[in-house]
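Only a predicted model underlies this, so the values are computations on that prediction, with no experimental measurement involved. When reading the values below, keep in mind they use all heavy atoms of this one structure, side chains included, and skip hydrogens, waters and symmetry mates.
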Amino acid sequence: MNRLLWLVLLVLLPAVAAAQVDVRFDSDGLAALAIGDENRLADGRPTVWRIMTGENKPFPGKQRPVIEFDSSSSTYTTAYAWGKLVIRYEPTPRGVRLHGRIHNTSEQILGALNINLMALTSPGESVRPSSPTWGIEGPPLVTARGPLGTVAVSFTPGDPPRQVSLHQERGQWFVRITFGGDKLIVDNVPAEMTLKPGGELEFTVDVRLGSAGANPYELADDVIAAYRAAHPMRLNWPDRRPILRLFFGGGASVEEAVRNLKNPEAIVPPEPDPRFREQVLRKFRVAVEAAKAVNAQGYILWDLEGGTFPHAITYIGDPRLIRALNPQMDLVVDEGIKMLKDAGLHVGVTLRPSRVIYNPETNRATHSHTVAADPFRELDAKVQYARQRWGTTMFYVDTNFFWRPYGPDKVWKPGQLAPDVWERLQAKYPDTLFIPEFGNPADFAFTAPYGQADMGGWGTPELVRVIWPDAFRVIVIGETDFTDAHDRFVRTVRERNPLMTFPYSVTAPDTVAVGRIYEEAALLDAGEPQQVAGASGQDLIALLASPERATRFFAALKLRQAPVPQAVEPLLERLRDSEEAWVVRHAAARALAAMAPAQADEIMLEMLLDRAAGFHGAAHEFLVRRGQPARTALLARLEAMVKSGRAEGRIIDAIGKTLAALPEPADSAATIRDLYTLVPDGRNAPVIRRRLINILGLLRDSASESLLMTALDDPELRATAATALVRIGSEPGAARVRQLRDDAKAKGDQPLLDQMNQALRAK
């Protein structure tokens with residue numbers, strides 16, 4: 001969007017009431033940005049702290065600025081050997097607007113400038129600002145909020161690109177603007193600046209401050225509204241049911257795949273393999289059953305081209321190459337996809353903006369960006385092929401980066417695909433959902449980016465939802481414990497983000513967990529039944545026996561919020577009833593966890609150890625509340641399992657996690673050390689010992705140092721012992737781990753090096 005239109009939108013959009021900011025000047029310049037009696041300005045002097053020539057070298061000579069402030073026009077001028085920085089301050093009700101001008105008076109081309117416009121007091125300890133932005137990959141806005149205040153800094157995008165950030169240093173927050181440098185913003189958009197001798201550039205930065213608890217997006221509501229008006233939501237995909245994914249693997253041998261890539265015209269389709277065909281079709285049949293079980297909207301078929309090549313070529317992302325790389329799949333995939341479509345499911349495949357080709361120099365396959373030339377055309381061609389062959393309407397786009405040469409030296413760099421690529425694809429295929437692996441805020445107007453819960457991707461960023469309330473993200477449940485994270489996943493779904501997972505079968509843990517999450521989200525979205533809303537005490541207990549599932553569910557929820565001692569037995573009855581809906585049993589378990597009655601000790605211990613039942617999160621909460629009785633029961637159960645030699649690792653882990661969460665966790669350590677010596681020799685012994693060592697680390701027990709140091713000498717126990725030593729704060733142990741790391745590096749032992757590095761990062 002051009003700069004003039006952006007300014008017009010900002011002027012036309014109304015402002016809302018906010019805390020009044022008192023802007024004051026003295027003879028030296030900006031002196032205060034005060035809300036009430038609190039001055040939020042730490043230092044009002046703008047400073048150029050880095051300047052580079054067009055050859056990416058520091059500007060020669062020391063920069064001794066000459067400073068002048070004109071109080072009549074509120075203009076601050078700083079003169080340097082290279083030129084001038086002029087800033088005119090315009091007070092606003094929410095803060096101050098800075099109108100800046102940079103003038104190059106030298107004979108050198110300027111290639112980069114970094115300016116601290118002012119320093120603000122911190123809004124609070126441990127507060128992290130939003131990411132720096134160029135106003136290209138998202139709105140031109142950075143924010144921070146904390147217990148001491150709120151900050152919102154916006155700017156007018158322009159040419160050359162400029163980045164604004166909030167930079168923390170020495171307890172202060174610098175409002176920083178950056179021009180130029182060798183940063184690649186997105187694909188084909190470098191942050192280049194070429195300010196020639198005599199040249200000028202202008203910028204506008206708006207600094208707004210709010211009181212503690214203020215919402216920074218309300219503080220910058222006009223900026224967000226202007227961005228929304230200039231970048232309306234184009235994606236129209238109201239279906240937020242689960243999206244499932246299938247992996248097939250297999251593929252041609254490396255030799256055959258390379259031969260086919262080298263000479264695609266000579267490919268001869270193989271004779272059909274009946275066994276392969278039946279395996280694939282059976283997988284599709286199971287997929288249809290699983291989709292029905294969780295009411296899924298469709299499938300992404302991740303690797304139809306097979307998995308012939310190692311990382312980073314594993315995912316090909318080009319359905320045109322199935323016949324070359326996975327020829328048996330090419331013979332059966334049409335029939336499999338027809339099964340999915342006949343079941344009313346959307347179907348999608350994986351794409352990549354690069355192209356896999358034969359490399360004559362290495363006689364191998366490689367991802368090429370040179371051949372692809374343009375990411376839009378490359379993706380468009382693959383989309384057309386998949387739509388024409390199968391009618392696909394969903395695409396996961398893996399590694400949505402594109403490599404190009406930049407600068408006079410033609411240095412190859414990867415840049416994330418620019419938002420306009422998605423805008424063009426969405427305009428051409430408006431009935432299609434694109435799921436890029438990586439998503440900038442601007443991409444959400446056209447796509448639903450991929451996220452993984454186990455990597456922190458729980459939902460759509462708040463800023464994105466403020467701009468486009470119907471924007472969403474596709475969240476892979478990944479390696480996350482479904483029960484521990486149940487409430488978070490329910491919130492993710494209620495915020496209208498589809499979940500994605502593997503449907504190995506109707507009864508697979510992933511499939512079952514997704515069904516439970518969506519079921520509870522639907523109950524919560526429907527709202528509390530009227531008879532529950534006004535009920536309390538004995539009425540809620542009676543409602544636990546209601547014929548209506550929603551009534552039983554909400555009655556149990558309410559009893560968790562307002563426990564009633566007489567509800568213990570009715571709640572236990574709900575929990576013990578294997579015919580009861582899981583969401584009701586789970587709500588009952590959570591209510592019992594809030595009450596922690598002794599009558600529930602036995603069943604809650606069993607629920608902790610029965611991971612498949614899905615109540616171990618509530619059982620953990622219950623046992624932690626029970627304290628010493630829970631410790632005694634857990635250690636007794638652990639002792640029986642260890643002595644039997646048949647203990648399951650995940651059950652030991654569950655016990656250890658709960659022991660570590662109990663008050664005075666080190667009280668359990670002596671018993672764990674004793675049990676370690678009682679582990680019977682056998683095939684399962686290393687597994688049990690590793691789990692017990694892990695528990696000692698979680699218990700943070702310094703008295704376990706000697707045992708752990710001995711375990712460090714055992715290759716089968718070394719990685720776990722190293723992590724435990726770091727966790728208990730053992731200085732000799734950490735020194736040994738560092739030595740092992742250094743030795744592994746010297747010997748080129750990458751697995752051991754990775755293990756020791758991971759141990760040293762343990763918390």
> Do you know the tightest heavy-atom contact between N295 and P242?
O-CD, 3.7 Å
> For this output row, return yes or no: ring centroids of F482 and F489 closer than 6.0 angstrom.
no
> Do side-chain atoms of D303 reach the backbone of G249 as a donor and acceptor pair under 3.5 angstrom?
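Yes.
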> Over 60° means perpendicular and under 30° means parallel, so tell me whether Y396 and Y450 are parallel, tilted or perpendicular.
tilted
> Run L244 and L345 through side chain to side chain contact (heavy atoms under 4.5 Å, CB included) and show every step you take.
CA-CA 10 Å; L244 306 180; L345 297 165; over 6 Å; no
> Just verifying a value: how many Å separate R352 CZ and N400 CG, rounded to the nearest 0.5 Å?
10.0 Å
> Once you round to the nearest 0.5 Å, how far does CD of Q328 lie from CG of D273?
5.0 Å
> Is there a donor-acceptor pair under 3.5 Å between the side chain of T511 and the backbone N or O of T507?
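No; judged by distance alone, with no hydrogens or angles, the pair does not exist.
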> Would D754 and Q758 count as having a side-chain donor-acceptor pair, cut-off 3.5 Å?
no
> More than 12 heavy atoms of other residues, nucleotides or ligands under 6.0 Å from CZ of R285: is that the case?
yes
> Between E520 and H486, is the side chain to side chain contact (heavy atoms under 4.5 Å, CB included) condition met? List the steps.
CA-CA 10 Å; E520 183 162 326; H486 178 81; 2.9 Å; yes
> Using side-chain heavy atoms (C-beta onward) and a distance below 4.5 Å, is I357 in contact with T366?
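Touching, per the 4.5 Å side-chain cut-off.
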> Between E378 and R320, is there a side-chain N and carboxylate O pair less than 4.0 Å apart?
yes
> Would you mind reporting whether M394 and Y299 have side-chain heavy atoms less than 4.5 Å apart?
no
> Step by step, would you call V254 with V258 a side chain to side chain contact (heavy atoms under 4.5 Å, CB included)?
CA-CA 6 Å; V254 172; V258 170; 4.2 Å; yes
> Between N263 and Y358, does the side chain to side chain donor-acceptor pair (under 3.5 Å) criterion hold? Intermediate values first, please.
CA-CA 9 Å; N263 192 3; Y358 169 71; over 6 Å; no
> Hey, are the side chains of H367 and T399 touching, using non-hydrogen atoms and a 4.5 Å cut-off?
no
> Grab the two heavy atoms, one from A257 and one from L325, that are nearest each other, plus how far apart they are.
CB-CD2, 3.7 Å
> Does atom NZ (K292) have a neighbourhood of more than 12 heavy atoms from anything else shown, all under 6.0 Å?
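No, NZ of K292 has 12 or fewer neighbouring heavy atoms, counting only those of other groups under 6.0 Å.
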> Compute the centroid of each ring, for F284 and then for F248, and state whether the two points are separated by less than 6.0 Å.
yes
> Does some side-chain heavy atom of T350 sit less than 4.5 Å from a side-chain heavy atom of I300?
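Yes, close enough: below the 4.5 Å cut-off.
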> Please determine whether a side-chain nitrogen of the Lys or Arg among R387 and D431 lies less than 4.0 Å from a carboxylate oxygen of the Asp or Glu.
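Yes, charged N to carboxylate O under 4.0 Å.
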> Sequence neighbours excluded, which residues qualify as ring pair (Phe, Tyr, Trp, His ring centres under 6.0 Å) partners of F434?
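Ring pair (Phe, Tyr, Trp, His ring centres under 6.0 Å) check on F434 returns F395.
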> What's the separation between atom CD1 in I316 and atom OG1 in T308, rounded to the nearest 0.5 Å?
7.5 Å
> I'd like to know if the side chain of E137 and the backbone of N440 have a donor-acceptor N/O pair within less than 3.5 Å.
no
> For the residue pair R404 and L184, establish whether any side-chain heavy-atom pair is separated by less than 4.5 Å.
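When only atoms from C-beta onward are counted, L184 and R404 do not touch, as no gap falls below 4.5 Å.
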> Quick one: closest heavy-atom pair of P270 and L331, and the distance?
O-CD1, 3.6 Å
> Are the side chains of L523 and V583 in contact, using a 4.5 Å heavy-atom criterion?
yes
> V333 and R389: which non-hydrogen atoms are nearest, and at how many Å?
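Closest approach of V333 to R389: CG1-NH2, 3.6 Å.
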> Just by distance, do the side chain of E305 and the backbone of D318 share a donor-acceptor pair under 3.5 Å?
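Checking the backbone N and O of D318 against the side chain of E305, a donor-acceptor pair under 3.5 Å is found.
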> With distance as the sole test, does T658 use its side chain to make a donor-acceptor pair with the main-chain N or O of H620 at under 3.5 Å?
no
> Between D525 and R496 (salt bridge meaning N to carboxylate O under 4.0 Å), is one present in this structure?
no
> Hey, does the side chain of K283 reach the backbone of G336 with a donor-acceptor pair shorter than 3.5 angstrom?
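Not confirmed, K283 side chain does not pair with G336 backbone.
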> Are D653 and R611 ion-paired here, with the side-chain N under 4.0 Å from a carboxylate O?
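R611 and D653: not salt-bridged.
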> Could you tell me the separation between the CD atom of E423 and the CG atom of D443, rounded to the nearest 0.5 Å?
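With rounding to 0.5 Å, CD (E423) is 11.0 Å from CG (D443).
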> I'd like to know if the side chain of Y406 and the backbone of N188 have a donor-acceptor N/O pair within less than 3.5 Å.
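Side chain of Y406 to backbone of N188, a donor-acceptor pair under 3.5 Å: yes, one is there.
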> Would you give the length of the straight line joining atom CZ of R473 to atom CD of E495, rounded to the nearest 0.5 angstrom?
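If we round to the nearest 0.5 Å, R473:CZ and E495:CD are 12.0 Å apart.
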> Heavy-atom count check: over 12 atoms from other residues, nucleotides or ligands less than 6.0 Å from M455 CE?
no
> Look only at the side chain of Q452 and the backbone of G478, and say whether a donor-acceptor pair between them is shorter than 3.5 Å.
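Absent.
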> Heavy-atom distance under 4.5 Å between the side chains of T480 and W458, does that happen here?
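Yes; the side chains approach each other to less than 4.5 Å.
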> Locate the shortest heavy-atom distance separating P353 from F402; write the atom from each residue and the value.
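Result for this residue pair: O-CE1, 3.5 Å.
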> Minimum heavy-atom separation for A521 to R494, with atom names?
CB-CG, 3.8 Å
> Let's go through Y315 and E437 carefully: what are the C-alpha distance in whole Å and the side-chain angles of both, what is the deciding distance for side chain to side chain contact (heavy atoms under 4.5 Å, CB included) to 0.1 Å, and is it a yes or a no?
CA-CA 12 Å; Y315 299 134; E437 182 178 4; over 6 Å; no
> Just by distance, with hydrogens left out, do T720 and R690 show a side-chain donor and acceptor under 3.5 Å apart?
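R690 and T720 do not have a side-chain donor-acceptor pair below 3.5 Å.
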> Could you tell me whether D481 and R650 make a salt bridge, using a distance below 4.0 angstrom between a side-chain N and a carboxylate O?
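Salt bridge absent between D481 and R650.
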> Find out whether the Lys NZ or Arg CZ of R424 is both under 6.0 angstrom from the six-membered ring centre of F376 and within 45° of the ring's axis.
yes
> Taking the side chain as everything from C-beta on, heavy atoms only, tell me whether P327 gets closer than 4.5 Å to E256.
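They are in side-chain contact.
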> Is it the case that atom CD in Q750 sees more than 12 heavy atoms from other parts of the structure closer than 6.0 Å?
yes
> Backbone N or O of K183 within a donor-acceptor pair of the K413 side chain at under 3.5 Å?
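Not at all, since once roles are kept as given, no pair shorter than 3.5 Å links the two residues.
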> Starting at NE2 of H616, measure out to CD of E606 and round the result to the nearest 0.5 Å.
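If we round to the nearest 0.5 Å, H616:NE2 and E606:CD are 15.0 Å apart.
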> Go through it in stages, so that I can follow the logic: the residues are R689 and E716, the test is salt bridge (Lys or Arg N to Asp or Glu O under 4.0 Å), and I'd like the CA-CA distance, side-chain angles, deciding distance and then a yes or no.
CA-CA 10 Å; R689 290 190 178 111; E716 289 190 290; over 6 Å; no
> Please identify each residue that fulfils side chain to side chain donor-acceptor pair (under 3.5 Å) with E462, with sequence neighbours left out.
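Only R145 meet the side chain to side chain donor-acceptor pair (under 3.5 Å) criterion with E462.
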> Can any side-chain N or O of R727 pair as donor or acceptor with the backbone N or O of K763 at less than 3.5 Å?
yes
